[in-house]
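Report on the structure given below.
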Amino acid sequence: MNIAISNTSDKPIYQQLFEQISAQILKGELGNGYSLPPIRQAATELRVSIITVKKAWEELERLGLIYTVTGKGCFVAELSPREMLQKRNEMILKQMAIDTSYYKSFGLTIEEVFELLKEVY
Amino acid sequence: MLALDIRNLNKKYEHFQLKNVSFQLEKGYIMGFIGANGAGKTTTIKSILNLTRIDSGEIHIMGKEIKEHELQLKQEIGFAFGDIHFYTRNKIKTLTNVIKSFYHNWDDKAYYNYLRRFNLNEDKKIAELSTGMKVKYSLALALSHGAKLLILDEPTSGLDPVARDNLLDIFQELVEDGEISILFSTHITTDLEKCADYITFINNGQIINSSEKEEFIDTYRLVNGKVEQLDGIKDQLIAYKKNSFGFTGLIHTKDFDPALDIKSTLPSLEEIMIYFARKEDAHV
């Protein structure tokens, strides 16, 4: 599991944790059954507060990406390819909604956005 | 279980008073205690340790009232203050031998481990130590008798950035197994932004806010607008600064109307402290 936290980012740290781990799960880098480090240990290593890690783990669990076994820890959930795709799309749509409102603030049409997107893609 | 439970603490001095100070720290977590100089941090800490007589209120440490169980509780508390005045002509070794005899659970192995980590030489005299080294020595003492609650007053203030970073690592290692809790006061808020789980903010003898760190910060927004917009929002602002480019102010998130064309961001702990201090000034 790879995590890089930025203290200067506007994003809350728990969200950075959540986004990076969920991306790794959805890309298949962290496979089904992968055991996440214990919350307190992760907090010490990442140099963030315990509650921050707890929140990120809770968010991952809420979305069904990981599950908890009491006394054993947290594990990456088993997801069918269809579920993976669906969750990936949910996340991408969320980001697109944010980007779209930015484009709209300049009055761009969807066609203009397509054209610009083609240039950078 | 609560490591620390303070309820309705009152203490009146001629020119200053603690008013109904209440906050709780759950076992196994780190709480940062912030406030400007003279806000009441040290008075609160002294009250917790029963070093000053309180007018009213209740202080429980690990479920026990400090006044009734002082001797027993102090075995389980490690405390260190930013400015310590040891007898200066003795060697560290001599002083430690005196201090360790007070503690039933003194752990020599832990003590020497901290001396090594802090680069302290026990043959040095206290007079030969720099400010930072004195702080480190008192921390080594506080950490070497199996304390379950650490109460540290400005432990990082005399330390350079490297030593502070080192100390924060130690704090996080200490709470990792969930048994030890730490309350530390500081005005270097960047130390807390990383490792603290809870923040308690005291201003002018009163607790302004005590909550989980991200929730604490989320209670406030820093707003940034044009001078013309100031009148419309002024009454809701905790405090503000104005210049020819516009104004910046601190507001309670619940009072902020996102429909207004005013930019808002999350403040840092330092910004929250600064604007509350300005609020005080404005009323004088």
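Numbers restart at 1 for each chain; the letters A, B, ... are given by sequence-line order, proteins then strands.
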* Asked: Side chain, backbone, both or neither: which part of B/Tyr198 has a non-hydrogen atom closer than 4.5 Å to chain A?
  -> side chain
* Part of B/Glu212 lying under 4.5 Å from any heavy atom of chain A -> side chain
* What part of B/Leu192 lies closer than 4.5 angstrom to a heavy atom of chain A: side chain, backbone, both or neither? -> neither
* Under 3.5 Å: donor-acceptor pair, side chain of B/Ser181, backbone of B/Gly28 -> yes
* **Top contributor to chain B contacts, counting heavy-atom pairs under 4.5 Å, from A/Ile13, A/Thr52, A/Ile50** => A/Ile50
* Which of parallel (below 30°), tilted (30 to 60°) and perpendicular (above 60°) describes B/Phe33 and B/Phe23? -> tilted
* Under the 6.0 Å and 45° cation-pi test, does B/Lys241 pair with B/Tyr275? -> yes
* **Residue, of B/Asp177, B/Asp169, B/Asp218, that accumulates the most heavy atom pairs under 4.5 Å with chain A** => B/Asp169
* Structure fact -> Those residues at least two apart in sequence (or on a different chain) that pass side chain to side chain contact (heavy atoms under 4.5 Å, CB included) with B/Thr265 are B/Leu222
* Do B/Phe276 and B/Phe201 have ring centres separated by under 6.0 Å? -> yes
